[in-house]
Amino acid sequence: MDQTPYNPAELETRVQARWDQDKTYQATEDPGVEKFYCLSMLPYPSGALHMGHVRNYTIGDVISRYQRMLGKNVLQPMGWDAFGLPAENAAIKNNTVPARWTYANIEHMREQFQRLGFAYDWSREFATCTPEYYRWEQLMFTRLMKKGLAYRRNSEVNWDPVDQTVLANEQVVDGRGWRSGAVVERRSIPQWFLRITNYADELLSGLDDLEQWPEAVKTMQRNWIGRSEGAEFEMSVCDRQGVVQPGAATVGVFTTRPDTAFGMTYAVLAPEHPLVVEVTTEACKEQINAFVASARQTSEADRTSAEGSLEKRGVNTGAFLFNPFTGKPVPLYIADYVLMGYGTGAIMAVPGQDQRDWDFAKAHDLPIVRTVETPADFAGEAYTGDGVAINSDWLNGLGVAAAREKAMKWLEYKGIGERKVNFRLRDWGVSRQRYWGCPIPVIYCPVCGALPVPEDQLPVVLPEDVSFMGVQSPLKADPEWRKTQCPQCGGAAERETDTFDTFMESSWYFARYCSPGADAMVDERANYWLPVDQYVGGIEHAILHLMYFRFYHKLMRDAGMLKSDEPVTRLLCQGMVVAETFRRDAGDGSTTWINPADVEVERDDKGKMTGARLIADGKPVEIGSIEKMSKSRNNGVDPRDLVERYGADTVRLFSMFASPPDQSLEWSDSGVEGSFRFLRRLWFMVTDHIAAGPVEALDTGILTTEQKTIRRYTHDTIAKVSDDIGRRQTFNTAIAAVMELSNHLGRFVDRSAQGRAVLDEAWKAVVRLMAPITPHICATLWEMLGEQNSVVNTPWPEVDDAARVRDQITLVVQVNGKLRARVELAPGSDEELAMAAAMSEQNVTKYINGKTVRKVIYIPDRLLNIVAT
RNA sequence: GCCCAAGUGGUGGAAUUGGUAGACACGCUAUCUUGAGGGGGUAGUGACGGAAGUCGUGCCGGUUCGAGUCCGGCCUUGGGCACCA
């Protein structure tokens, strides 16, 4: 009999047209229905989708569709994180302007998303680079200024002295500007900051309530906030003998371990510390000046990550500080591993109890005094564990906690120190000296100073039609744009020409989706949808984005806009899709990254890569490391070809089947074929079933053993898939379970009335179980199965527990932990029965004969382990 | 350097609470299907061994009747480190 072939291109177009026509995914607020807000991190419109996008957005789509089938009112929006550096780079390269490039990319990517059949409410779409969006961000900022939550101070940037421009960290390669090749300098310029540190405690304690966030993310955030309790105390400059002159300079140091202060054998200042100039002795001056100058030119990341010998990373000032605990002087050093931005920029160094201090002391030949007794088997160097205080005068004999408390009290009593909580978290610098971003709404008046742009003058619109050469921001190059009037005195004033960090836009977009068209940042509708029930995005955002947007949510709450404390209830961080990188390094230091699709790879017998050539010219290219698919490394694999060849359902299915969502995935398209074959087999099996004609009602009372077994498989699978998608979010195992069931169903040949009824129940379950993952084929099959309601609105299949009851279970029998037999038993059998069954197996008794049974471990319905010696 | 993950057949991965290691796929081999095909079916596929069986989850050690799973130490790979997003 002729059958309709599986034609995904035709079928998917038809199903998608129907969704569009019915506005199936448009969400409206309905207080009578439980809501579910499912959000995937909004993409940067880089130009083309890569497999990382497909994976990310398919996960969100599967969850959305599943929740919808559970009967919830689901919102799944989509938009574009449209400001950012790549647009500027692309504009230079392609001789266009960032706006045009960005909007063209959005058009293209939207089409690709639609082709993949994601259930987005497109009516809420926006791009963050439009004034309709960023005006509210500007308004918020001016209010934060008035509240004192935004402030301006000097801060360092990477300065390219040739291009006369500020460089992003990414644009600095081995200390040189990526375009000019010039050695990058550090420059201190005034910039705007948001006081995220005011919220440090709440951002930290709030993590405890985020039960459905991955532990790894919470741990990273806790460490990032870095709350530490300790003491801050003053030390005075003294001479070699420990004599403190009246009026001598003092320096505050922060320590979490005041109990170890008797073991302080030196002290360290950050190179930028104001005291450095004051205390440096004549003999050390030259060395110190050179050291400070070089530290200034090194970025903080490089300073803390430098692997060079510690000997070179610090110098003696020649001065001494008076240790109030011992009454003795300690030498004062400066070292680049001490940062001015943390604590007081000065530390007491206790090499016996701190490994970094230990390494530094060894490198500089400084004494080491242990103040905590080490355990007998301790083989390390610095000891940071608990133990009894030694070499510590009046602290001797106390444990760490007690000694710390006593030392703290002593400092307070003496009036030289106090308890102090320090955070590693620093305020959020939001100024960028770039063009393609949201203009910072500030006016500088020579008389009145820095003022927020008045609300009735917002938005400050970023001109899009500019001549853009890339070296300098058109805002800064244009002498006219900045000219304005002071809102206070009316005199001539200038606008800020910096723009916001693009993390600003991605910090509140989730709320704006809930209030399309609102004449405010958000309106009451946001409180219907928020908090987001499920957020999906890459693990690379675990700290920065996810911290900033938690912070911003609290800012909006405190401005009375939102009622919830946290933006997101449940978070799924998907692993990255990684791929090989290929590149060519030009002689001038610049690098061209080559897409894997344009490269031919040579491999040895074991499949290991031995070389690679550019197909276009046949010449070798260099093989880089394996990295996440990204625009900057040009290693994204475009899903377009796969979609054209196999259809959206296959690509969606494979991206979910290839690995669990939170694991990183090294891309290879071998295996896509298997997903396509499964869908085609499904298509033919279901259409075969339909072609066999009408089905009688199921009567569970008259089923054969085989029919019962099929029903058990069916309902076991429904239970497993529901758990895998709903609770575990392991879509790969859900798919495997459906494949397994389909294999059973394909082998089940029973044309009797009840045989067909059992099959009908099973296929209808399969179609619904797969609908969130492969919605097009399932929508079509569902209709062909004679169902009126569209599968996207059909209730999720229910488990019939009665169908899952087994009359026999397989018990595993071990002897001394090794598998020796399997026996069939009635469920719930007791140990005696199990033992009897086991002992009737020759392969069991064989290993017990001549030995004494010492112990029997029995886990009912699972395992019996006989320990015999 | 610091913080967070991951490491299981030829490959992607499964094993959910410490209890049968390798589910489900890819690939490969054999075989069948009138020809062809990125078609379909069947069987096989961790290693060693004729077999019984032994070994086997990055490496070393430990806890346990029992460890891929827990603990200690290491190695490798990936992510983040505040201006890529």
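Below, read A as the first sequence line, B as the second, and so on, with proteins coming before strands; counting in each chain starts at 1.
A:P43 comes within 4.0 angstrom of nothing in the nucleic acid, heavy atoms only. A:S46 comes within 4.0 angstrom of no nucleic acid atom, judged by non-hydrogen atoms across all strands. In this structure, A:H541 reaches the bases: a heavy-atom distance under 4.0 Å links it to at least one base atom across the strands shown. Among the protein residues, A:R727 comes within range of the nucleic acid bases, having at least one heavy atom under 4.0 Å from a base atom. Within 4.0 Å of A:R747, counting heavy atoms only, lies no atom of the nucleic acid at all. Using a 4.0 Å heavy-atom distance criterion, A:W428 is classed as making no nucleic acid contact. Within 4.0 Å (heavy atoms only), A:D662 reaches no atom of the nucleic acid at all. Residue contacts shown for A:V672 are absent, as no nucleic acid heavy atom lies under 4.0 Å away. Nucleic acid contact class of A:I859 (heavy atoms, under 4.0 Å, all strands): base.
Between A:R176 and A:D160 there is no salt bridge, since no side-chain nitrogen of the basic residue lies less than 4.0 Å from a carboxylate oxygen of the acidic one.
Not a single donor-acceptor pair under 3.5 Å links the side chain of A:N865 to the backbone N or O of A:V856.
Residue-environment remark: CZ (A:R153) exceeds the threshold of 12 foreign heavy atoms within 6.0 Å. Residue A:Q842 qualifies as open at atom CD: its count of foreign heavy atoms under 6.0 Å is 12 or below.
No N or O donor and acceptor, one from the side chain of A:Q814 and one from the base of B:C65, sit under 3.5 Å apart. For A:R862 and B:U20, a side-chain-to-base donor-acceptor distance below 3.5 Å is absent, hydrogens and geometry of angles not being considered. Interface remark: the A:Q191 side chain does form a donor-acceptor pair with the B:C83 base, using a distance-only criterion of under 3.5 Å. The base of B:C65 sits within donor-acceptor range of the side chain of A:N865, with an N or O pair under 3.5 Å. Looking at A:K720, its side chain comes within 3.5 Å of the base of B:U16 through a donor and an acceptor atom. With hydrogens and angles ignored, no donor-acceptor pair closer than 3.5 Å exists between the side chain of A:R854 and the base of B:C65.
One atom, CG of A:L665, and another, P of B:G78, lie 15 Å apart when rounded to the nearest Å. In this structure, the NZ atom of A:K818 is 14 Å from the P atom of B:U20, given to the nearest Å. Rounded to whole Å, the distance from CE on A:M51 to P on B:G12 is 17 Å. For the pair A:E170 CD and B:A85 C1', the interatomic distance rounds to 9 Å; values are reported in whole Å. Look at CG on A:D861: it is 16 Å from C1' on B:U17, rounded to the nearest Å. Put simply, CZ on A:R222 is 20 Å from P on B:C81, counting in whole angstrom units. Straight-line distance from the CZ atom of A:R432 to the P atom of B:A82: 11 Å, rounded to whole Å. Distance, A:L741 CG to B:A25 P: 12 Å, rounded to whole Å.
B:U64 and B:A47 have their C1' atoms separated by 27 Å, given to the nearest Å. Rounded to the nearest Å, the gap between the C1' atom of B:A21 and that of B:G35 is 45 Å. Rounded to a whole angstrom, the distance from the P atom of B:G80 to that of B:C74 is 25 Å. Rounded to the nearest Å, the gap between the C1' atom of B:C59 and that of B:U8 is 15 Å. On the C1' atoms, B:G27 is 7 Å away from B:U11, given to the nearest whole Å. Comparing B:A23 with B:C32, their C1' atoms are spaced 27 Å from each other, to the whole Å. Nucleotides B:U57 and B:G7 are separated by 14 Å at their P atoms, to the nearest Å.
Of the residues A:N843, A:V844, A:I848, the one that meets the side chain to side chain contact (heavy atoms under 4.5 Å, CB included) test with A:K846 is A:N843. Screening A:Y199, A:F503, A:Y548, A:F500 for a ring-ring contact (aromatic ring centres under 6.0 Å, His included) involving A:W428 leaves a single residue, A:Y548. Just one of A:T810, A:L864, A:V813 meets the side chain to side chain contact (heavy atoms under 4.5 Å, CB included) condition when paired with A:V823; it is A:V813.
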Candidate pair A:F549 and A:H545, rule ring-ring contact (aromatic ring centres under 6.0 Å, His included), full reasoning: CA-CA 6 Å; A:F549 102 133; A:H545 164 63; 4.9 Å; yes
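Residue-to-nucleotide proximity on RNA chain B shows that, of A:G817 and A:Y646, the 5′-proximal contact is made by A:Y646.
Here the side chains of A:L203 and A:M547 are in contact, with some heavy-atom distance below 4.5 Å.
With a glycosidic angle more than 90° from 0, B:G56 adopts the anti conformation.
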Atom pairs under 3.5 Å, N or O on each side, protein against nucleotides 30-33 of chain B: can you list them with distances?
none

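Listed nucleotides: B:U16, B:C83, B:G79. Nearest to the side chain of A:E540: B:G79.
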Dot-bracket line, read 5' to 3' along RNA chain B, where crossing pairs take [ ] and | marks a partner on another strand, Watson-Crick or G-U under 3.5 Å: (((((((..(((......[....)))(((((((.....)))))))(((....)))..(((((..]....))))))))))))....
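Ring centroids of A:Y337 and A:F360 are separated by less than 6.0 Å, placing the two rings close together.
Seen from the ring of A:W159, A:R186 does not count as a face-on cation partner, given the 6.0 Å and 45° thresholds.
Of all heavy-atom pairs between A:Y435 and A:T499, the closest is O-CG2, 3.6 Å.
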